[in-house]
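Below, chains carry the letters A, B, ... as their sequence lines are ordered, and counting in each starts from 1.
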There are 2 protein chains.
Amino acid sequence: MTTYTPAAASARSGFSLDTLRYYERIGLLFDIGRTAGGQRVFTEDDLDWMGVLRCLRDTGMPIADMRRYAELARHGETTHAERLRVLREHAVQLREHIAELVDQQQHLHDKIRWYESQTPELPADATPADPADATPSDPADATPCDPTPDLPAGSAT
Amino acid sequence: MTTYTPAAASARSGFSLDTLRYYERIGLLFDIGRTAGGQRVFTEDDLDWMGVLRCLRDTGMPIADMRRYAELARHGETTHAERLRVLREHAVQLREHIAELVDQQQHLHDKIRWYESQTPELPADATPADPADATPSDPADATPCDPTPDLPAGSAT
DNA sequence: CCTTGACCTGGAGCACGCTCCAGATACGAG
DNA sequence: CTCGTATCTGGAGCGTGCTCCAGGTCAAGG
């Protein structure tokens, strides 16, 4: 059974040593093995669980919710239904968040295009508006980030 | 020329009164009008600018960068090229961030599906995996959020 | 006028998520 | 056994982005 030192676990998980210790303190990591001398010993399973934590964290789940989820995970299979509920709820949040980002991304691109039209001598190097862009969004809206010249600093120009 | 009280500006922009004052203090809002008595008077242009701030903020631009951008905006048309550069850079960041979220979203959905397969008696109500979902992503990867039963709490089951 | 609610300022405080520190201990190479 | 690096613990500190507060001022209706 493969095990990992704290340094190795940190490297593989991408969490800092301090973060791993912090996560254990607050209950996101639990049942972490120890040597006779008291040093942590991480298993493959621990690493996998860290992958779950990373997914939840990187998708914006607050620590408090992750603690609830970890608590459920700690209590075995009887909590599957509840865990599923938590994940579904989080997926809804995530979908909404992504949708908002994509929306604002559209406005941002509109603004960039406005600036480009104002300074045609400039090379349109970066952000080449890749047609196979990672994020679609029907161009049928326009609220913030409107393509205007950043209105202040010229109120009565 | 239409003007707005602080309360109205707050309502229209979605920023709290305290946030508007904070933004003025740190330079994100500037040249805000005042009554003889010292109370703020916001204009249509101010509101539009707040829309820009909201776009940048909601897409994750740090306050420090927003200050730089505001500083540029405050200095007139000569800074157009630099502003364009800032926006393009931010657009790149945003694209990367969205891509990562979409990636993790896929893992999250995988995990949800795994739970569903484990508890088939449960209704698959929420997150109905809408085929016309807002965010595409080729299902040709799987790293974190793997569809496993949240490995801890059963190391040797 | 007078009241009352909106607004002002400067500065303290807070929630979140780590990150750093001091002082002590553990472990592996030589 | 010794040395040097890795880890340990408890607790303080930090960076970000607001949010709240006290004590005072402004402005519009009655």
Hey, is the main chain of [Y] close enough, under 3.5 Å, to the side chain of [X] for a donor-acceptor pair?
| X | Y | result |
| --- | --- | --- |
| A:Arg40 | A:Ile32 | no |
| A:Thr43 | A:Thr3 | no |
| A:Arg67 | A:Ile26 | yes |

Presence of [X] side-chain N/O under 4.0 Å of [N] phosphate oxygens OP1/OP2:
| X | N | result |
| --- | --- | --- |
| A:Ser16 | C:dT19 | yes |
| B:Arg34 | D:dT25 | no |
| B:Thr19 | D:dT19 | yes |
| A:Tyr23 | C:dG17 | no |
| A:Arg40 | D:dT7 | no |

How far apart are the C-alpha atoms of B:Arg68 and B:Glu71, what are their side-chain angles, what is the distance that settles it, and do they pass the salt bridge (charged side-chain N to carboxylate O under 4.0 Å, His left out) test? CA-CA 5 Å; B:Arg68 280 194 357 92; B:Glu71 186 65 13; over 6 Å; no
Please compare A:Pro62 and A:Gly37 by the position of their nearest nucleotide in DNA chain C and report the one closer to 5'.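 Its nearest nucleotide being more 5', the pick is A:Pro62.
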Please report the end-to-end axis angle for the helix from C:dC1-D:dG30 to C:dG30-D:dC1, five pairs per end, rounded to 10 degrees.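 Rounded to the nearest 10 degrees, the bend comes out at 10°.
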Would you tell me whether A:Glu100 and A:Gln104 have side-chain atoms, one donor and one acceptor, within less than 3.5 Å of each other?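 Result is no, nothing qualifies.
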For the residue pair B:Trp114 and A:His80, categorise the inter-ring angle as parallel (less than 30°), tilted (30 to 60°) or perpendicular (more than 60°).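 Aromatic pair B:Trp114/A:His80 classed perpendicular.
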Among A:His90, A:Glu89, A:Glu96, A:His97, exactly one meets side-chain hydrogen bond (donor to acceptor under 3.5 Å, both in side chains) together with A:Gln93. Which residue is that?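 That would be A:Glu89.
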Which is it for B:Glu44 and B:Met1 under the side-chain contact (heavy atoms from CB on, under 4.5 Å) test, yes or no, and what are the steps along the way? CA-CA 8 Å; B:Glu44 206 70 60; B:Met1 173 212 199; over 6 Å; no
DNA chain D: 5'-proximal contact among A:Glu24 and B:Gln39 (nearest heavy atom):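 This one resolves to A:Glu24.
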Which comes earlier along DNA chain D counting from the 5' end, the contact point of B:Thr35 or that of B:Arg57, where each point is its nearest nucleotide?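 The answer here is B:Arg57.
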From [atom1] of [X] over to [atom2] of [N], roughly how many Å is that when rounded to an integer?
| X | N | atom1 | atom2 | result |
| --- | --- | --- | --- | --- |
| A:Ile26 | D:dG10 | CD1 | P | 15 Å |
| A:Met66 | C:dA15 | CE | P | 20 Å |
| B:Tyr22 | C:dC14 | OH | P | 17 Å |
| B:Leu17 | D:dT19 | CG | C1' | 12 Å |
| B:Leu53 | D:dC18 | CG | P | 11 Å |
| B:Asp65 | D:dG15 | CG | P | 17 Å |
| A:Leu56 | C:dG17 | CG | P | 13 Å |
| A:Ile63 | C:dT19 | CD1 | P | 11 Å |

Could you run down the sub-3.5 Å N/O contacts of the protein with nucleotides 20-22 of chain C?
unit_1 : atom_1 : unit_2  : atom_2 : d
C:dC20 : N4     : A:Asp18 : OD1    : 3.4

Is it true that A:Leu17 and A:Trp49 fall in one hydrophobic cluster, defined by side-chain heavy atoms closer than 4.5 Å?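 Each belongs to a different hydrophobic cluster.
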Heavy-atom closest contact (A:Leu53 atom, A:Tyr23 atom, distance):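 Nearest pair, atom of A:Leu53 first, then A:Tyr23: CD1-CD2, 4.1 Å.
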